[in-house]
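Just so it is clear, the model here is predicted, and its values are computed rather than measured. Positions are given from 1, in the same order as the sequence printed here.
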Amino acid sequence: QVQLVESGGGLVQPGGSLRLSCAASVSRFSFNEMGWYRQAPGKQRELVAGISSGGSTNYADSVKGRFTISRDAGKNTVYLQMNSLKPEDTAVYYCNAILRLIRRSDYWGQGTQVIVSS
């Protein structure tokens, strides 16, 4: 069974920083892509940042220049360094992973809350 466990969320003041981590329980395979989504109250879930097994990254326009996504050597742990946080970054952040073998499989973490407020 594949599990994704997020950590690192919390309350931070505007302009502050947080580092989110997502650890995958899978050991036999490396995920093809991993990323972070977020969902604010009353809004749809949106992609924040993604990273492929080859290291290519993509970011939502709203976080470019402030957030950085990275993976460890085993490529089954993903991080999101969030700097210069704004109140509009407040959301539940979800880890996402895609595994492509014979078929595509998608996995989601339970989410970690990020609140940016004075």
Side-chain angles (χ1 to χ4, degrees):
Q1 183 178 359
V2 174
Q3 290 183 320
L4 305 179
V5 180
E6 303 104 331
S7 63
L11 175 64
V12 64
Q13 294 188 3
S17 297
L18 286 173
R19 186 174 188 249
L20 305 183
S21 299
C22 174
S25 63
V26 62
S27 61
R28 186 173 181 179
F29 307 103
S30 296
F31 291 108
N32 296 94
E33 294 94 30
M34 298 186 74
W36 292 94
Y37 287 71
R38 68 185 181 188
Q39 187 168 20
K43 296 184 178 181
Q44 295 184 342
R45 188 173 299 186
E46 64 175 347
L47 175 67
V48 177
I51 186 167
S52 72
S53 59
S56 62
T57 59
N58 65 287
Y59 297 91
D61 289 340
S62 60
V63 306
K64 288 180 179 178
R66 300 188 297 119
F67 291 9
T68 302
I69 189 170
S70 61
R71 297 176 74 165
D72 66 4
K75 300 183 179 180
N76 288 330
T77 301
V78 65
Y79 308 93
L80 185 67
Q81 179 66 45
M82 304 186 294
N83 298 324
S84 302
L85 283 163
K86 304 175 180 179
E88 52 262 44
D89 295 319
T90 296
V92 177
Y93 285 70
Y94 297 91
C95 182
N96 169 253
I98 298 171
L99 180 64
R100 292 187 174 93
L101 298 173
I102 302 299
R103 62 180 180 87
R104 168 175 168 160
S105 298
D106 291 80
Y107 304 93
W108 293 90
Q110 295 297 308
T112 185
Q113 176 73 252
V114 172
I115 301 175
V116 184
S117 177
S118 299

- Message: Any heavy-atom pair between the side chains of Thr68 and Leu80 that's under 4.5 Å?
- Response: no
- Message: Suppose we screen for side chain to side chain donor-acceptor pair (under 3.5 Å). Which residues come up paired with Lys64, at least two apart in sequence or across chains?
- Response: Asp61
- Does Val2 share a hydrophobic cluster with Leu99, counting links as ILVMFWY side-chain heavy atoms below 4.5 Å and allowing steps through other members? yes
- Item | Contacts of Ala23 that satisfy side-chain contact (heavy atoms from CB on, under 4.5 Å) - sequence neighbours left out | Thr77
- Taking the side chain as every heavy atom from C-beta outward, state whether Asn76 and Phe31 have any pair of such atoms under 4.5 Å apart. yes
- Qualifying side chain to side chain donor-acceptor pair (under 3.5 Å) pairs, either residue in residues 95-105, two or more places apart: Glu33-Arg100, Arg103-Ser105, Arg104-Asp106
- Of all heavy-atom pairs between Ala91 and Ala40, which one has the smallest distance, and what is that distance? CB-N, 3.8 Å
- Report the residues that fulfil side chain to side chain donor-acceptor pair (under 3.5 Å) with Gln110, sequence neighbours left out, ordered by chain and then residue number. none
For residues 44-51, tabulate all N or O donor-acceptor pairs below 3.5 Å that involve a side-chain atom, not counting sequence neighbours.
residue: Glu46; atom: OE2; partner: Arg38; partner atom: NE; Å: 2.9
residue: Glu46; atom: OE2; partner: Arg38; partner atom: NH2; Å: 3.4

- Item | ILVMFWY cluster, Ile69 and Leu20 together (side-chain gap under 4.5 Å) | yes
- Query: Tyr107, Trp36: one ILVMFWY side-chain cluster at the under-4.5 Å cut-off?
  - Reply: yes
- Under the side chain to side chain donor-acceptor pair (under 3.5 Å) test, residues paired with Glu6 that sit two or more places apart: none
- Can you tell me which residue pairs pass the ring pair (Phe, Tyr, Trp, His ring centres under 6.0 Å) test with a partner in residues 37-67, sequence neighbours excluded? Tyr37-Trp108
- Enter the distance from Gln113:CD to Thr90:OG1 here, rounded to the nearest 0.5 Å. 7.5 Å
- Query: What are the two closest heavy atoms between Asp89 and Ser84, and how far apart are they?
  - Reply: OD2-O, 4.4 Å
- Mind jotting down which residue pairs meet the disulfide (SG to SG under 2.5 Å) criterion with at least one end in residues 28-66? Sequence neighbours excluded, please. none
- Sort and list the pairs that fulfil side chain to side chain donor-acceptor pair (under 3.5 Å) and have at least one residue in residues 7-22, not counting sequence neighbours. Ser17-Asn83
- Message: Between Val92 and Leu18, is there shared hydrophobic-cluster membership here, with clusters defined by ILVMFWY side-chain heavy atoms closer than 4.5 Å?
- Response: no
- disulfide (SG to SG under 2.5 Å): pairs with one or both residues in residues 76-118, sequence neighbours excluded: Cys22-Cys95
- Task: Please identify each residue that fulfils side chain to side chain donor-acceptor pair (under 3.5 Å) with Ser56, with sequence neighbours left out.
- Result: Ser52
- Under a 4.5 Å side-chain heavy-atom rule over Ile, Leu, Val, Met, Phe, Trp and Tyr, are Met82 and Val12 clustered together? yes
- Message: Can you list everything that forms a ring pair (Phe, Tyr, Trp, His ring centres under 6.0 Å) with Tyr94? Sequence neighbours excluded, please.
- Response: none
